[in-house]
Amino acid sequence: MTGLKLYTYPNNKNAWKALIAAEYVGAKIEVPAFEMGKTNKSPEFLKLNPNGKVPTLETPQGGVFESNAIARYVARIADKGLFGHTLFEAAQVEQWIDFTTQEIDAPMLSWFLPIIGYMEYNKKKEEAAVEAVKKGMGVLEKHLHSRTFLVGNSVTLADIVGACNLYWGYTKVFDEAFAKQFPAVTRWFMTLVHQPQFHKVMGAVQIPTEPMKYNPKNTPAAAAKKESKPEQPKKEKAPAAAVKPAQPATPEPEEEKPKEKPKDPLAALPPSKMILDSWKRLYSNTPAAKFQEICVNGLWNGATIPGSPTQEHFEGFDPEGFSLWFCDYKYPEENTINYIVMNKVGGFLQRIDYVRKHAFAVMCILKDSEGQFPIRGFWIFRGQDIPPIMKEECFDLDLYTWTKINPSDEAARKRIGSMLNEEDKIDGLENVEVKVFK
Ligand SMILES: N[C@@H](CCC(=O)N[C@@H](CS)C(=O)NCC(=O)O)C(=O)O
């Protein structure tokens with residue numbers, strides 16, 4: 001069979017199901033260059049998979065989506081026993097594929113995705129997810145106690161899909177004590193990932209010494225505290241993908257007091273000749289060809305906003321009324337999947353709509369030689385500190401190291417220029433994407 005193309009981002013454990021199956025049946029699958037959010041939203045891709053999701057397989061007859069369906073298709077290309085050897089074994093293979101997907105992978109996603117910032121965290125939901133994973137693994141444990149593989153005496157598609165469904169567990173969130181509760185499952189998983197067909201696709205599987213945990217700053221208590229605070233000004237928009245924060249642990253008071261509008265301490269600052277909105281217009285309206293000359297130099301020296309019907313002039317940076325900051329994500333080792341990192345930054349910027357009047361930022365998603373995605377950014381804040389409301393409301397703040405910039409430092413100015421210009425290399429690292437808060 002030729003002409004198969006599997007669309008996916010790198011290291012997608014769902015895509016590995018088909019790629020490992022291909023190793024067993026000797027199928028050749030091309031994995032074309034792929035850019036999340038672009039390739040999978042193109043009209044050609046949507047013809048293959050109207051959901052715009054990956055993995056998606058392109059076959060000579062058309063597209064196949066859903067990773068298990070793709071893996072089943074590939075496993076049937078040649079009969080190498082991936083569905084067992086009898087009708088009954090084939091049913092058992094299907095049974096374990098469905099079981100590990102619904103009873104293990106689904107709760108594993110609810111456990112893991114909030115930890116990496118891809119879903120809103122909720123302790124109760126996490127506990128329920130951990131319990132559900134344990135329950136599913138308990139069933140596997142009993143079954144594998146006396147068996148090497150899930151069905152029969154050799155690897156089947158059930159083992160391939162099952163191991164992929166447990167991949168995030170063993171490589172990200174299980175600690176030693178957790179794995180020890182399931183010795184047969186752990187032995188089975190380790191046996192599989194050491195098979196050459198698995199190893200060729202997955203690479204070396206590393207069990208972490210320190211499993212990933214949710215950042216305790218964003219606990220339900222913090223969410224409860226946040227909930228009990230006065231409402232934000234009306235103009236605040238809820239982030240598009242936000243899930244409601246955890247409910248407060250204590251019951252709501254019977255009668256709610258009328259909510260006060262919070263005072264804006266930054267409104268009390270002495271006026272500045274620098275108008276932040278004017279800077280934002282300069283940033284947005286300067287054509288790319290003149291960006292350095294007009295916008296970047298204009299930050300320091302002032303500039304007239306291109307195309308402004310009133311010849312609006314930005315006065316240049318005012319170090320008394322504003323401050324400049326660099327931020328650097330503290331845990332780049334968590335950032336290994338590019339679109340999740342992009343969502344993390346996107347979510348952060350969506351959550352701080354309330355500070356738009358007082359802040360501007362460029363956040364750069366970079367890529368280092370180890371395939372990690374450091375996040376570095378440049379911010380302008382009204383006043384000499386990070387706005388107090390952000391300090392109170394925004395848990396993302398603690399995920400970054402914040403460094404106040406001396407505005408006359410030439411090296412800092414150069415670095416700011418590289419971020420504003422979205423240069424191909426920032427801090428010597430590949431610039432993957434820049435998100436702007438304006
Ligand atoms: N159940 C599907 C899950 C597919 C899925 O959710 N893919 C995600 C990446 S892991 C995706 O492509 N998201 C892109 C989007 O939603 O735009 C499968 O097993 O293939």
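Just follow the structure's listing: the first ligand is 1, and inside any ligand the first atom is 1.
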Open item on the list: Quick one about Asn421 and Gln292 (side-chain donor to acceptor, distance below 3.5 Å, no hydrogens or angles considered), yes or no?
Closed with: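 Checked: Gln292/Asn421 side chains pair up, N/O donor to acceptor below 3.5 Å.
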Task: Ring-face cation contact, Phe314 with Arg281, 6.0 Å cut, 45° max - done: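 Judged by the rule, Arg281 and Phe314 form no cation-pi pair.
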Task: Heavy-atom pair with the smallest gap, counting every atom of Pro211 and Pro208 - done: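 In this case the closest contact between Pro211 and Pro208 is CA-CG, 4.2 Å.
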TODO: Using the test side chain to side chain contact (heavy atoms under 4.5 Å, CB included), find all partners of Asn68 that sit at least two apart in sequence or belong to another chain.
DONE: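 Only Lys17, Arg72, Ile97, Thr101, Val161 meet the side chain to side chain contact (heavy atoms under 4.5 Å, CB included) criterion with Asn68.
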Would you mind listing each N/O atom of ligand 1 next to any protein N/O under 3.5 Å, plus the distance?
| from | atom 1 | to | atom 2 | distance (Å) |
| --- | --- | --- | --- | --- |
| ligand 1 | 1 (N) | Glu66 | OE1 | 2.7 |
| ligand 1 | 1 (N) | Glu66 | OE2 | 3.4 |
| ligand 1 | 7 (N) | Val54 | O | 2.9 |
| ligand 1 | 12 (O) | Val54 | N | 2.8 |
| ligand 1 | 17 (O) | Lys41 | NZ | 2.7 |
| ligand 1 | 19 (O) | Ser67 | N | 3.4 |
| ligand 1 | 19 (O) | Ser67 | OG | 2.6 |
| ligand 1 | 20 (O) | Ser67 | N | 2.9 |

Task: NZ/Lys404: more than 12 non-hydrogen atoms of other groups inside 6.0 Å - done: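 Result for NZ/Lys404: enclosed.
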Task: Heavy-atom side-chain contact between Thr171 and Val205 under 4.5 Å - done: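 Result yes, sub-4.5 Å side-chain heavy-atom pair found.
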